[in-house]
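A quick write-up on the structure given underneath.
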Amino acid sequence: GRHLGKITHSNPSVVFDTILSQIQAYDNLIVPVVDMMKYITPLSFDLLTFMLLSHLASPSKTRLKEDGLNVSIWMQ
């Protein structure tokens, strides 16, 4: 967690974009990311909020699986 927090100081937009993409694919990365949030700056929190909203509102992502009935895994 601390190492990820330090990496976000230099270029938070690239780091958060990668982290959010990985979290949507692998749910076991949530705990280290929550731990990382203890070590990021207020500017990084603002950027994380923006990146999170832009990832969730992306029109290119499908909200449902191909069957049209169930919610996609990244959205659960």
Side-chain angles (χ1 to χ4, degrees):
R2 176 173 266 179
H3 187 45
L4 279 174
K6 287 183 179 181
I7 292 172
T8 62
H9 295 306
S10 63
N11 198 350
S13 61
V14 173
V15 173
F16 288 140
D17 189 39
T18 304
I19 287 174
L20 289 172
S21 298
Q22 292 296 317
I23 285 177
Q24 291 174 15
Y26 308 107
D27 61 347
N28 60 349
L29 293 175
I30 294 172
V31 173
V33 171
V34 169
D35 186 44
M36 171 199 69
M37 289 186 188
K38 292 187 244 178
Y39 305 106
I40 63 176
T41 63
L43 176 65
S44 296
F45 267 117
D46 289 344
L47 190 60
L48 177 61
T49 303
F50 173 76
M51 298 291 289
L52 182 64
L53 290 174
S54 65
H55 270 263
L56 290 175
S58 176
S60 64
K61 294 188 185 225
T62 58
R63 276 32 172 197
L64 298 175
K65 290 184 181 178
E66 292 179 8
D67 61 7
L69 299 173
N70 298 316
V71 177
S72 291
I73 293 175
W74 70 268
M75 199 167 179
Q76 291 181 353

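Each residue takes its place number in the sequence, starting with 1.
Residues Met36 and Val34 share a hydrophobic cluster, clusters being chains of Ile/Leu/Val/Met/Phe/Trp/Tyr side chains in contact below 4.5 Å. Using a 4.5 Å cut-off between side-chain heavy atoms of Ile, Leu, Val, Met, Phe, Trp and Tyr, with links allowed through other members, Leu4 and Tyr26 fall into the same hydrophobic cluster. Note on Ile40: it does not cluster hydrophobically with Val14, by side-chain heavy-atom contacts below 4.5 Å among ILVMFWY residues.
At least one side-chain heavy atom of Leu48 sits less than 4.5 Å from a side-chain heavy atom of Met37.
The CG atom of Leu52 sits 12.0 Å away from atom CZ of Phe45, with the distance rounded to the nearest 0.5 Å. Distance CE/Met51 to OG/Ser21: 8.0 Å, rounded to 0.5 Å.
Shown here are the side-chain contact (heavy atoms from CB on, under 4.5 Å) partners of Ser13, two or more places apart in sequence or in another chain: Asn11, Leu47. Remark: Ile7 pairs with His3, Val15 by the side-chain contact (heavy atoms from CB on, under 4.5 Å) rule, at least two apart or across chains. Looking at residues two or more places apart in sequence or on another chain, you find a side chain to side chain donor-acceptor pair (under 3.5 Å) between Asp17 and His55. Residues satisfying the side chain to side chain donor-acceptor pair (under 3.5 Å) test with Ser54, not counting sequence neighbours, are none. The side-chain contact (heavy atoms from CB on, under 4.5 Å) search around Leu43 returns Thr41, not counting sequence neighbours. Taking Asp35 as the reference, Lys38, Tyr39 meet the side-chain contact (heavy atoms from CB on, under 4.5 Å) condition, with sequence neighbours excluded.
Applying the salt bridge (Lys or Arg N to Asp or Glu O under 4.0 Å) test to every pair with at least one member in residues 45-55, sequence neighbours left out, gives no pairs at all.
Within a 6.0 Å sphere centred on CZ of Phe50, other residues, nucleotides and ligands contribute 12 heavy atoms or fewer.
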